[in-house]
Amino acid sequence: MKKLLIVNSFYAPTVIGGAEVSTQLLAEGLLKKYRVVVLTTGPQRKNVIKENINGVEVYRIPCLNIYWPLNKKNRSIIIKLFWHLLNLINPLQFLLIKKLLSEINPDIVHTQNLSGIGTYNWGLSKKSKIYTVHTIRDYSLLTPVKNNIINKMFFIYSTFAHSNI
């Protein structure tokens with residue numbers, strides 16, 4: 001049976017909107033033909049939490065950034081910019097994703113919302129010759145902040161950084 005890895009920022013019971021609901025429906029619906037694993041974030045500061053939710057293997061990784069995206073506090077623009085920059089290129093998150101991708105060893109990767117996870121799995125999957133599909137659910141990868149100049153800088157930076165994975 002082929003193994004499918006679905007990557008999304010949040011997964012049940014952490015539901016903030018339709019993406020989490022449809023991700024869970026997709027994961028559970030695909031169980032008939034695939035072994036389904038979900039990679040998502042959790043609020044813990046270290047260690048990966050492994051769970052089984054309705055037959056779906058769930059790996060909750062710590063968001064190795066300065067805060068977890070669902071910790072809703074008023075943050076300064078500098079802190080938010082630093083968070084987004086670190087989300088683009090974070091060596092600790094990269095190494096964790098690399099280790100888990102090797103451990104899970106999927107045949108197919110389906111990415112969705114990647115806030116708090118990063119896009120590292122794209123380059124790592126390509127290097128390992130794993131088919132990858134991405135569902136665009138919002139514009140956060142194109143415009144992570146409200147300033148277009150900074151968004152262009154993020155795009156240039158991430159393109160350069162990820163081309164060397």
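- Cluster annotation: F94 and Y59 are assigned to the same hydrophobic cluster (Ile/Leu/Val/Met/Phe/Trp/Tyr, side-chain heavy-atom contacts under 4.5 Å, transitive).
- The two atoms that bring L26 and I6 nearest to each other are CD2-CD1, 4.1 Å, heavy atoms only.
- There is no path of hydrophobic side-chain contacts, each under 4.5 Å, that joins Y131 to L101.
- Counting heavy atoms from C-beta on, the side chains of Y11 and V56 come closer than 4.5 Å.
- The backbone N or O of V7 lies less than 3.5 Å from no partner atom in the side chain of N121, so there is not a single donor-acceptor pair.
- No side-chain heavy atom of H134 sits under 4.5 Å from any side-chain heavy atom of T119.
- Between the W83 side chain and the Y67 main chain, a donor and an acceptor come within less than 3.5 Å of each other.
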Using distance only, find each side-chain donor-acceptor pair of residues 30-38 under 3.5 Å and give its atom names and separation, not counting sequence neighbours.
from, atom 1, to, atom 2, distance (Å)
R35, NE, E57, OE2, 2.6
R35, NH2, E57, OE1, 3.3
R35, NH2, E57, OE2, 3.0

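- L114 approaches T111 most closely through the heavy-atom pair CD2-CB, 4.1 Å.
- If you chain together hydrophobic residues whose side chains sit under 4.5 Å apart, I117 and L95 fall into the same group.
- You'll find the side chain of L4 stays beyond 4.5 Å of the side chain of P106, heavy atoms only.
- From N74, atom CG reaches atom CD1 of I79 across 12.5 Å, with rounding to the nearest 0.5 Å.
- In this structure, T41 contributes its side chain and C63 its backbone to no donor-acceptor pair below 3.5 Å.
- Side-chain contact between Q93 and L86 is absent, with no heavy-atom pair separated by less than 4.5 Å.
- For the pair Q24 (side chain) and P13 (backbone), a donor-acceptor distance under 3.5 Å is absent.
- Listed here is the closest heavy atom pair of P62 and N47: CD-O, 3.3 Å.
- The side-chain heavy atoms of K3 and I104, taken from C-beta on, include a pair separated by under 4.5 Å.
- A distance of 9.5 Å separates NE2 in H84 from CD1 in I66, rounded to the nearest 0.5 Å.
- The closest donor-acceptor contact from the side chain of T135 to the backbone of V133 lies at 3.5 Å or more, if one exists at all.
- To the nearest 0.5 Å, the span separating CD1 on I53 from CD on E28 amounts to 8.5 Å.
- No side-chain donor from either of W122 and T132 sits under 3.5 Å from a side-chain acceptor of the other.
- Residues T23 and T40 have side chains not in contact (no heavy-atom distance under 4.5 Å, counting atoms from C-beta outward).
- The OG atom of S125 lies 12.5 Å from the NE2 atom of H110; values are rounded to the nearest 0.5 Å.
- Here N8 contributes atom CG and S22 contributes atom OG; the two are 7.5 Å apart, rounded to the nearest 0.5 Å.
- In this structure, I61 and I97 have side chains that are in contact, with non-hydrogen atoms separated by less than 4.5 Å.
- Taken together through direct or relayed side-chain contacts under 4.5 Å among Ile, Leu, Val, Met, Phe, Trp and Tyr, I16 and L39 form parts of separate hydrophobic clusters.
- Rounded to the nearest 0.5 Å, atoms NZ (K80) and CG (N87) are 15.0 Å apart.
- Side chain of R60 to main chain of P43: no donor-acceptor pair is present (N/O by atom type, distance under 3.5 Å, no hydrogens or angles).
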**Request:** Start with the C-alpha gap between L5 and I130, add the side-chain angles, then the distance that decides, and say whether side-chain contact (heavy atoms from CB on, under 4.5 Å) holds.
**Result:** CA-CA 10 Å; L5 174 63; I130 300 169; over 6 Å; no
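- Applying the ring pair (Phe, Tyr, Trp, His ring centres under 6.0 Å) rule to F10 yields the partners W68; only residues at least two apart in sequence or on another chain are considered.
- The backbone N or O of L96 lies less than 3.5 Å from no partner atom in the side chain of Y120, so there is not a single donor-acceptor pair.
- Side-chain atoms of E103 and L100, non-hydrogen and from C-beta on, do get closer than 4.5 Å to each other.
- Of all the heavy atoms in G116 and P69, the pair that sits closest is CA-CG, 4.1 Å.
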